[in-house]
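Structure first, commentary second.
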2 protein chains.
Amino acid sequence: MKIDPKNRADLSAQIAKAIRDAIISGALPVDERLPSEAELADQFEVSRPTVREALKRLAAQSLIRTQRGATGGAFVNRLKFEDAYGQQITTSTLLLSMNEISFATACEARYALERACAPLSAERRTADHLATMRAETHRQQQPGLTDEAFCASDVAFHRALVDAAGNPVLSYQLAGAVEAMQPLMNMITFSARSREKIVALHTSIADAIEAQDAHAADAHLAALAAYTQELAQDVIAKRQAKRG
Amino acid sequence: MKIDPKNRADLSAQIAKAIRDAIISGALPVDERLPSEAELADQFEVSRPTVREALKRLAAQSLIRTQRGATGGAFVNRLKFEDAYGQQITTSTLLLSMNEISFATACEARYALERACAPLSAERRTADHLATMRAETHRQQQPGLTDEAFCASDVAFHRALVDAAGNPVLSYQLAGAVEAMQPLMNMITFSARSREKIVALHTSIADAIEAQDAHAADAHLAALAAYTQELAQDVIAKRQAKRG
DNA sequence: AGACGTTTAATTGTCTGACAAATGAAAATT
DNA sequence: AATTTTCATTTGTCAGACAATTAAACGTCT
């Protein structure tokens, strides 16, 4: 764990990288305690604030956790899926909002990934996953539901579908794609008729998953993808008509 | 952008969250300059080191960039796919290494996602993507290639396959899954015969993509997934035999 | 007037030293 | 033996200072 002694700029970034590399390589195992800030400052020959800035960088990535007190310090953190979810959703959301990603591109990616899960979900779905999907489709039929609540329920439905695949790596990867789409979906106002059609497709998907019919699930997901694209195009067209 | 004035613990985390929320909500647009560290310290009523720790947290997530000098400061960073790749790969790698994810689970997720890309890749592949895939399959036939180099070429082949879908969101999502698998793949020693079979499957996949035959591409990918699992099981079985 | 070097102000990067707060362990007391 | 007190360690925060960098403002020479 060394830093470049000549380049005295971005010291905290260099130190963070050195420690991060040690963690990734396994030299620092999970729950290992790092030296105290004072000791790290001595080792790297920098001041304590510089060490602290480096540690905060690592904390922002959930690579370490810190604890105050006599036996406290910085510990290598076991990166949990739930921690990673949050980061992925933040990153994906910003990527979509900052890079002029079209709705079509984001939507295509989302449904492509989701269709990859469907066969596994059909095979392994539990009663719990099915119950969640049914509950959400039921919620989506409530009359007074706001568009935001409808979209949130939509996300919950698709999360259950993905989780039913029983593969945490897939769930993690999909979390970003599905949740990052929500702000874009919220921009669409769902008419009563469009909601009805979406709920019908959700029901068909849940039926197919329950029947363990991967082919049917895929077909209904494809139909839902196509219909979502169609709705978005209508919204975009109407907006441009208003302008013109 | 406010912080809890009562809770004077984790101030830098609170400040980082306040600024992060402002960026995500769009209140701070891309390339907007944040107030100077001294001004932020005044606004939040904390010291400059505390502000700096908060800014370093955001820098670790590529949400801001800093520049020294008279017109310098911290600027909201346009999150590029390139930056996000790195973070996703780091996170995915650590998730796999720290959470006792089996090879089977990771492999299943990877190939499920990749098969989601295949139809789009078959439809949209350019000469450039095909050339990369051909070049990598050719490289994989070199006799003196180390296992690491073979795996690196394998990653490059699959990256080209994914990029051929022409959807940057998919490429971003897949980057984590494909690259994070590399350390696990490196643990497998590829015999001459297994390499031969893998190269044959790669060639079949490239052929199918070139012919824009999505169904064939999917079938060959499925075969590759099954064969990879088979190889891994052999390695695991041999290791256990050595122990016993 | 225009081109070119110089100064200057603003800003981040780093350092030093200090104190507060939390926390577990050791010591003292009942 | 159980409980309370004290204490050492460590992180969290603060104040002030100086160095390094950078672009704009200024001055000088042609």
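Keep in mind the model is a prediction, meaning the values are calculated, not measured. The sequence lines fix the lettering, A, B, ..., with proteins before strands; numbering per chain opens at 1.
Ion pair B/D154/B/R110 flagged as a salt bridge, since at least one NZ, NE, NH1 or NH2 atom sits closer than 4.0 Å to an Asp/Glu carboxylate oxygen.
For A/T50, the side chain to side chain contact (heavy atoms under 4.5 Å, CB included) test picks out A/L11, A/S12, A/I15, A/V46, A/S47, with sequence neighbours left out. Qualifying side-chain hydrogen bond (donor to acceptor under 3.5 Å, both in side chains) partners for B/D42, counting only residues two or more places apart in sequence or in other chains: none. With sequence neighbours left out, B/E53 forms a side-chain hydrogen bond (donor to acceptor under 3.5 Å, both in side chains) with A/R52. B/A131 pairs by the side chain to side chain contact (heavy atoms under 4.5 Å, CB included) definition with nothing, not counting sequence neighbours. Shown here are the side-chain hydrogen bond (donor to acceptor under 3.5 Å, both in side chains) partners of B/T228, two or more places apart in sequence or in another chain: B/Y111. For B/S25, the side chain to side chain contact (heavy atoms under 4.5 Å, CB included) partners at least two apart in sequence or on another chain are B/A27.
At whole-Å resolution of the value, CD in A/Q67 and P in C/dT23 are 8 Å apart. Atom CZ in B/R68 sits roughly 13 Å away from atom P in D/dA19 (whole-Å rounding). Distance CG (A/L55) to P (D/dT11): 8 Å, rounded to an integer number of Å.
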Side-chain donor-acceptor distances from residues 73-83 of chain B under 3.5 Å, at least two apart:
from	atom 1	to	atom 2	distance (Å)
B/N77	OD1	B/R65	NH1	3.3
B/N77	ND2	B/S62	O	3.2
B/R78	NH1	A/M98	O	2.2

If you apply the rule salt bridge (Lys or Arg N to Asp or Glu O under 4.0 Å), what do you find for A/R124 with B/E108, and how did you get there? CA-CA 14 Å; A/R124 300 178 192 160; B/E108 174 182 282; 2.5 Å; yes
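Contact check for B/L113 versus B/Q173: no side-chain heavy atoms found under the 4.5 Å cut-off. At least one side-chain heavy atom of A/F103 sits under 4.5 Å from a side-chain heavy atom of A/M185. Between B/V235 and B/L231 there is no side-chain heavy-atom pair separated by less than 4.5 Å.
With axes fitted over five pairs at each extremity, the angle between the ends of the helix from C/dA1-D/dT30 to C/dT30-D/dA1 is 20° (10° resolution).
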Distances for protein N or O near nucleotides 14-18 of chain C N or O, under 3.5 Å:
from	atom 1	to	atom 2	distance (Å)
C/dT14	OP1	A/D10	N	3.2
C/dT14	OP1	A/L11	N	2.5
C/dT14	O4	B/R48	NH2	3.2
C/dC15	OP1	A/R8	NH2	3.0
C/dC15	OP2	A/S47	N	2.9
C/dC15	OP2	A/S47	OG	2.9
C/dC15	OP2	A/T50	OG1	2.8
C/dA18	N6	A/R48	NH2	3.3

What nitrogen or oxygen pairs link the protein and nucleotides 5-9 of chain D at under 3.5 Å?
from	atom 1	to	atom 2	distance (Å)
D/dT9	O2	A/A70	N	3.2

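Only at 4.0 angstrom or more do the heavy atoms of residues 57-66 of chain A sit from any atom of DNA chain C, so none qualifies.
Applying the salt bridge (charged side-chain N to carboxylate O under 4.0 Å, His left out) test to every pair with at least one member in residues 163-184 of chain A, sequence neighbours left out, gives these pairs: A/R159-A/E179.
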